[in-house]
Amino acid sequence: MMKIKVNENFAALKESYLFSEIGKRVRAYKEAHPEKKVIRLGIGDVTLPLAPVVVSAMEKAVKEMGVKETFRGYPPEYGHDFLREAISAYYKRKGVKVAAGDVFVSDGAKSDVGNIVDILGKNTVLIPSPVYPVYMDSNVMSGNKIELLEESEADGFLGSPCVLDGETYVIYICSPNNPTGATYDRAGLKEWVDYALESGSLIIFDSAYEAFIHGDYPHSIYEIEGAEKCAIEICSFSKTAGFTGTRCAWTVVPETLETESGFSLKKLWARRQATKFNGVSYPVQRGAEAALSEEGVKECAALVDYYMENARLISEALSEKGVWHTGGVCSPYIWLKCPNGLSGWEFFDLLLEKVQIVGTPGEGFGDAGSGYFRLTAFGSREDTMEAVNRLKTIL
Ligand code: PLP
């Protein structure tokens, strides 16, 4: 028997049985009813292929890697300058000032969200609920003290700092939100920035779904005055450009983020990345750069538009049937209240049994998700239209 000690905080993690349980129930249903066509509206993964401009940039980069004169070894840990500059220019086109030197390229927003705890000490962490489970689990793994900010239909699943008492927190915000699709407007986000500045808190802002925003909502927390003194922003090419399988993301840690004891968060993150991360492959970074070019943004927007038309169709059907829901306007997620007081799992079984649609029970995103359900717009148009027609027959 080994005598080593392990990180016992892992024992405090809630069992993540959501997707395995969904898989189990779907398999059992299919075995019992092989003739029925099951439509999956539960996936949080993209389904459309990469934009042509991205593919040709990656092909060109792969060819360069096969030639002695243009071959490259380890990439810089913080990302190639060409991509950091392209990300800075992307912000600039949105009217936001982000210095290329404050951008850290990585292989995914999930990695950055999970790894950021490495540079933070024993703070109280404020996590909205329901939300993307990685915020919670990464802090549980570190043994951090966690407080939940429970959101509800009453606040449109957009928690506000008005319920807080001025305590210093590390605050996670995801806007547009996964799973609720709820999106902060400028005034809502400003409340958070003001709270963080007054209380000496840090905001970790996850903008993975910013490309889905339609309407006058902030795409970046740095659109809010003062955010450069209290916020780290994490964004991803995954949903914006279909990079879930290609892997590329970035984190902005502004030079201006300093603690009262004189630590620069940017220096800490730079040190952390240089020690534990060896960069993103050159062809992937060239693909990401192409996704942010003028042509790339247009081609990627067409992918987003396709999903958003699916979202519109789902949302329209729910409105027609008087089902309370958020999302679908600025996000590929639609978050609905289960009819007749059903729990998320009961509604899951009902949808599978009666109309062969698979979604995600809200319980999978925290207790505050009980009685709610997430549908996603990442399916094909054909499947989404069929699902919408089926949904209407039972709502
Ligand atoms: N942040 C949120 C809110 C997400 O929903 C996801 C993926 O579903 C991620 C981050 C992970 O993104 P990436 O694919 O860049 O790791």
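What you see below is based on every heavy atom in this structure, not just the backbone, and it leaves out hydrogens, waters and symmetry mates. If you're wondering where the values come from, they're calculated on a predicted model, not measured in any experiment. Both ligands and their constituent atoms are indexed starting at 1 by order of listing.
- Taking the six-membered ring for Trp and the full ring otherwise, Trp250 and Phe104 have centroids separated by 6.0 Å or more.
- A donor-acceptor pair shorter than 3.5 Å can be found between the side chains of Tyr209 and Lys239.
- For the pair Phe378 and Pro332, the tightest heavy-atom approach, listed with the atom from each and the gap, is CZ-CG, 3.5 Å.
- Counting only residues at least two apart or in different chains, side-chain hydrogen bond (donor to acceptor under 3.5 Å, both in side chains) contacts with residues 108-118 comprise Ser106-Asp112, Asp107-Ser111, Asp112-Thr251, Asn115-Arg272, Asp118-Arg272, Asp118-Lys276.
- Lys92 forms no cation-pi arrangement with Tyr90, by the criterion of a distance under 6.0 Å to the ring centre and an angle within 45° of the ring axis.
- Here Phe205 and Trp192 keep their ring centres 6.0 angstrom or further from each other.
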Polar pairs, ligand 1 vs protein, N/O only, below 3.5 Å.
from, atom 1, to, atom 2, distance (Å)
ligand 1, 1 (N), Asp206, OD1, 3.4
ligand 1, 1 (N), Asp206, OD2, 2.6
ligand 1, 5 (O), Asn178, ND2, 2.8
ligand 1, 5 (O), Tyr209, OH, 2.6
ligand 1, 8 (O), Tyr209, OH, 3.3
ligand 1, 8 (O), Lys239, NZ, 2.9
ligand 1, 14 (O), Ser238, OG, 2.6
ligand 1, 14 (O), Arg247, NH1, 2.9
ligand 1, 14 (O), Arg247, NH2, 3.4
ligand 1, 15 (O), Ala109, N, 2.7
ligand 1, 15 (O), Ser236, OG, 2.6
ligand 1, 15 (O), Ser238, OG, 3.3
ligand 1, 16 (O), Ala109, N, 3.2
ligand 1, 16 (O), Lys110, N, 2.9
ligand 1, 16 (O), Arg247, NH2, 2.8

